[in-house]
Asker: 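What follows is a single structure, and I will ask about it in a moment.
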Amino acid sequence: MHSELEPDRATRTLWAKGVLDYLDDFIDGLPDAPASWDGSTAATTTAPPGAGPRPLAGLMTEVATAVAAAVETAGPGYLAYFPAGGLYSSVLGELLAQTVNRYTGVAATAPGLVGLEQSVVRWLCDQFRLPSPAGGLITSGASIATLTALHAARVDRLDQPDPRATIYVTEHTHHCVAKAARIAGCTDAQLRVVSVDAELRMDVDAARTAIGRDRADGRRPFLIVGTAGSTSTGTVDPLRRIAALAAEESLWFHVDGAYGGGFQLTEYGRTLLDGAELADSITFDPHKSLFLPYGTGVLLVRDEQTLRSAFSAGGDYLQDLVDDPGLPDYADLGPELTRDSRGLRLWLPLQLHGVDAFRSALEEKLELARWAYDELRADPHLDVPLRPDLTVIVAHSVAGDDATRRLLERVNAGRRVFLSSTRLAGRNAIRLCVLSHRTHRDRVEEGVEAIRAAARRS
Ligand SMILES: *Cc1c(COP(=O)(O)O)cnc(C)c1O
């Protein structure tokens with residue numbers, strides 16, 4: 001029986017073709033698509049839904065208009081923030097997951113797909129050399145993963161909320177840690193901002209001093225965050241030394257690898273992130289360094305039980321569900337109950353392309369960033385202060401802050417690449433990040449040329 005909400009097979013095929021044809025044209029058009037748009041949004045307003053149906057073709061025209069009013073975050077010219085592109089194979093995994101609509105909040109309702117998701121989580125734990133009883137959770141992004149980790153850390157180290165609880169970060173720690181702390185009921189005074197060295201890495205001796213002073217003042221230090229690839233500059237903190245300090249002081253050691261985590265697949269990355277394997281928790285965004293579409297983050301923990309202790313809860317209406325001894329109930333490992341089946345969007349690309357395809361794409365991005373760094377550093381109009389740890393390059397115009405701002409505007413106005421900016425030691429800096437699976441040498445050369453041309457004029 002077909003109802004109006006359950007189209008027959010012929011209609012499904014027709015609708016799917018309408019959507020997939022549009023997507024094929026979209027993907028094929030990405031190399032020539034402008035990197036940004038003219039800023040107008042008027043055309044994207046759409047009428048509210050009517051009582052009756054409308055044909056798909058007209059709706060797709062509205063979708064296309066709305067899609068066009070955007071920074072081209074899927075395209076090869078997107079070099080701002082953290083580009084990932086969005087793997088089509090992951091989109092297909094998502095289509096599968098959403099169509100079969102398995103319930104993965106608990107293992108009992110879908111042990112097959114929970115098992116598949118768990119195979120991805122275990123593989124990720126292996127990449128970070130976290131042995132059993134490690135575990136984790138696929139989330140919507142690193143911000144939620146960080147909030148989850150922070151709550152687990154607090155429960156594990158302090159049990160109850162405590163206004164004396166203190167967290168150690170640097171000025172380059174992502175603001176999602178401060179946000180998570182606030183959500184968890186901490187005041188800003190409970191966040192200790194430790195100084196950084198000349199290369200912007202956490203000064204571990206300064207952290208040790210601050211912890212000692214805070215203990216003497218009656219505070220309760222419980223969490224220290226090391227960043228594996230900072231947002232402004234891609235800088236990696238001295239993770240092994242932070243881990244040692246955390247162990248001395250019995251602090252929970254959280255590694256923010258939202259951006260840098262994917263590089264763990266490369267030999268270079270494993271060396272750079274040395275010490276991450278000592279973390280109590282690690283966040284990592286596959287929608288950054290594994291090229292997935294937005295909406296996928298990961299939290300890994302040294303001991304899965306720490307998540308269960310922090311999040312396990314129940315209700316009478318769940319009494320029919322039995323625990324699977326071999327598989328976790330994801331609802332017990334984080335704040336969500338009902339959740340989509342998030343494993344397929346990682347599992348399918350990893351299996352379909354193979355891990356080497358990811359490894360070599362990441363190695364390519366590292367090489368491109370080093371090449372761009374050398375080119376920009378050699379330009380007399382630019383001041384390029386930091387050798388990139390990963391694939392973020394920051395540069396100032398030698399003519400000052402206003403010139404740096406004009407430089408960015410000129411480069412972006414060309415609409416072949418799109419860069420963002422940041423501030424370093426009080427100075428404006430343009431920021432270029434090579435990370436999309438669609439960005440290759442030709443576009444990086446074009447971007448570097450555009451920057452150099454703009455720098456000469458700024
Ligand atoms: C992007 C980022 C985050 C936040 O991740 P979302 O997935 O955007 O929530 C946290 N930390 C770092 C270092 C990041 O780069």
Side-chain angles (χ1 to χ4, degrees), residues 19-41 43-44 60-94 141 231 234 259 262 285-296 345 349 353 357-358 360-369 371-372 375-376 390-393 407-421 430-454:
V19 171
L20 295 183
D21 282 352
Y22 164 76
L23 291 180
D24 278 332
D25 288 344
F26 174 83
I27 291 171
D28 290 346
L30 281 173
D32 297 321
S36 56
W37 87 118
D38 63 10
S40 66
T41 49
T44 64
M60 288 309 297
T61 306
E62 283 188 33
V63 170
T65 305
V67 168
V71 172
E72 190 43 273
T73 42
Y78 188 60
L79 305 175
Y81 308 102
F82 288 112
L87 291 175
Y88 189 66
S89 50
S90 179
V91 174
L92 295 180
E94 188 66 0
T231 311
Y259 156 55
D285 264 339
H287 65 211
K288 288 175 180 163
S289 44
L290 284 184
F291 320 117
L292 257 63
Y294 297 127
T296 305
R345 65 175 83 147
H353 304 293
F358 289 85
S360 51
L362 289 164
E363 279 163 355
E364 179 200 16
K365 306 314 157 199
L366 288 165
E367 257 171 52
L368 289 173
W371 178 83
E375 289 292 307
L376 295 175
L390 291 164
T391 65
V392 176
I393 299 152
L407 194 171
L408 179 71
E409 280 166 9
R410 287 206 172 105
V411 171
N412 287 349
R415 300 224 186 124
R416 286 292 295 169
V417 294
F418 189 80
L419 310 180
S420 55
S421 72
I430 61 161
R431 180 183 171 287
L432 176 154
C433 176
V434 188
L435 196 61
S436 169
H437 70 289
R438 297 195 172 107
T439 302
H440 303 294
R441 175 73 181 236
D442 56 341
R443 192 62 64 112
V444 177
E445 279 180 11
E446 237 184 284
V448 163
E449 246 338 288
I451 292 168
R452 300 189 60 176

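Being a predicted model, the structure only gives us computed values, none of them experimental. Numbers here simply count residues along the sequence, with the first being 1.
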Asker: Applying side-chain contact (heavy atoms from CB on, under 4.5 Å), name anything that partners H353, two or more places apart in sequence or on another chain.
Answerer: S89, P349, A357, F358
Asker: With rounding to the nearest 0.5 angstrom, report the CE to OG1 distance, M60 to T65.
Answerer: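 OG1 of T65 is found 10.5 Å from CE of M60.
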Asker: Under the criterion side-chain contact (heavy atoms from CB on, under 4.5 Å), which of V417, L419, I393, L79 is the partner of I451?
Answerer: L419
Asker: Minimum heavy-atom separation for W371 and E445, please, with both atom names.
Answerer: CH2-CG, 3.3 Å
Asker: Looking at CG of L408 and CG of N412, how far apart are the two atoms once the value is rounded to the nearest 0.5 Å?
Answerer: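 Rounded to the nearest 0.5 Å, the CG-CG separation comes to 4.5 Å.
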Asker: Give, for atom CD1 of I430 and atom CG of L376, the distance between the pair rounded to the nearest 0.5 Å.
Answerer: 6.5 Å
Asker: Quick one: closest heavy-atom pair of W37 and S40, and the distance?
Answerer: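 That closest heavy-atom pairing would be NE1-O, 2.8 Å.
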Asker: Using every non-hydrogen atom in the two residues, find where G262 and S289 come nearest and quote the distance to one decimal.
Answerer: N-OG, 2.9 Å
Asker: So which heavy atom on V444 is nearest to which on A372, and how close?
Answerer: CG1-CB, 4.0 Å
Asker: What's the separation between atom CG in D25 and atom CG in L20, rounded to the nearest 0.5 Å?
Answerer: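 CG of L20 is found 11.0 Å from CG of D25.
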Asker: Please confirm whether the backbone N or O of G295 pairs with a side-chain atom of R345, one donor and one acceptor, at under 3.5 Å?
Answerer: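 Checked: pair present.
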Asker: Shortest non-hydrogen contact from G77 to A35?
Answerer: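 The pair with the smallest heavy-atom distance is O-CB, 4.4 Å.
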Asker: Within the 3.5 Å criterion, strictly below it, is a donor on T391 or Y259 matched to an acceptor on the partner's side chain?
Answerer: yes
Asker: Quick check against the 3.5 Å criterion: does T439 have a side-chain atom that pairs as donor or acceptor with the backbone of P76?
Answerer: yes
Asker: So do the side chains of L292 and E94 get within less than 4.5 Å of each other, counting heavy atoms only?
Answerer: no
Asker: Step by step, would you call F418 with S36 a side-chain contact (heavy atoms from CB on, under 4.5 Å)?
Answerer: CA-CA 7 Å; F418 189 80; S36 56; 3.8 Å; yes
Asker: Would you compute the distance between atom CG of D24 and atom OH of Y22 and round it to the nearest 0.5 angstrom?
Answerer: 11.5 Å
Asker: What's the separation between atom CZ in F82 and atom OG in S436, rounded to the nearest 0.5 Å?
Answerer: 14.0 Å
Asker: State which residues pass side-chain contact (heavy atoms from CB on, under 4.5 Å) with A33; sequence neighbours excluded, sorted by chain then number.
Answerer: E72
Asker: Looking at L390, is its backbone amide N or carbonyl O close enough to the side chain of K365 to form a donor-acceptor pair, meaning the two atoms are under 3.5 Å apart?
Answerer: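 The answer is no, because no donor-acceptor pair under 3.5 Å joins these two groups.
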Asker: Please lay out, stage by stage, how E375 and R452 fare under the test side-chain contact (heavy atoms from CB on, under 4.5 Å).
Answerer: CA-CA 9 Å; E375 289 292 307; R452 300 189 60 176; 3.7 Å; yes
Asker: Go through the steps to decide whether Y78 and L435 satisfy the test side-chain contact (heavy atoms from CB on, under 4.5 Å), and finish with yes or no.
Answerer: CA-CA 9 Å; Y78 188 60; L435 196 61; over 6 Å; no
Asker: So, H287 and D285: side-chain donor and acceptor under 3.5 Å apart, yes or no?
Answerer: yes
Asker: Tell me if a side-chain donor or acceptor on R443 pairs with a main-chain N or O of R416 at a distance below 3.5 Å.
Answerer: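 Checking the backbone N and O of R416 against the side chain of R443, a donor-acceptor pair under 3.5 Å is found.
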Asker: Determine the minimum heavy-atom distance between R415 and D38, stating which atoms define it.
Answerer: NH2-CA, 3.2 Å
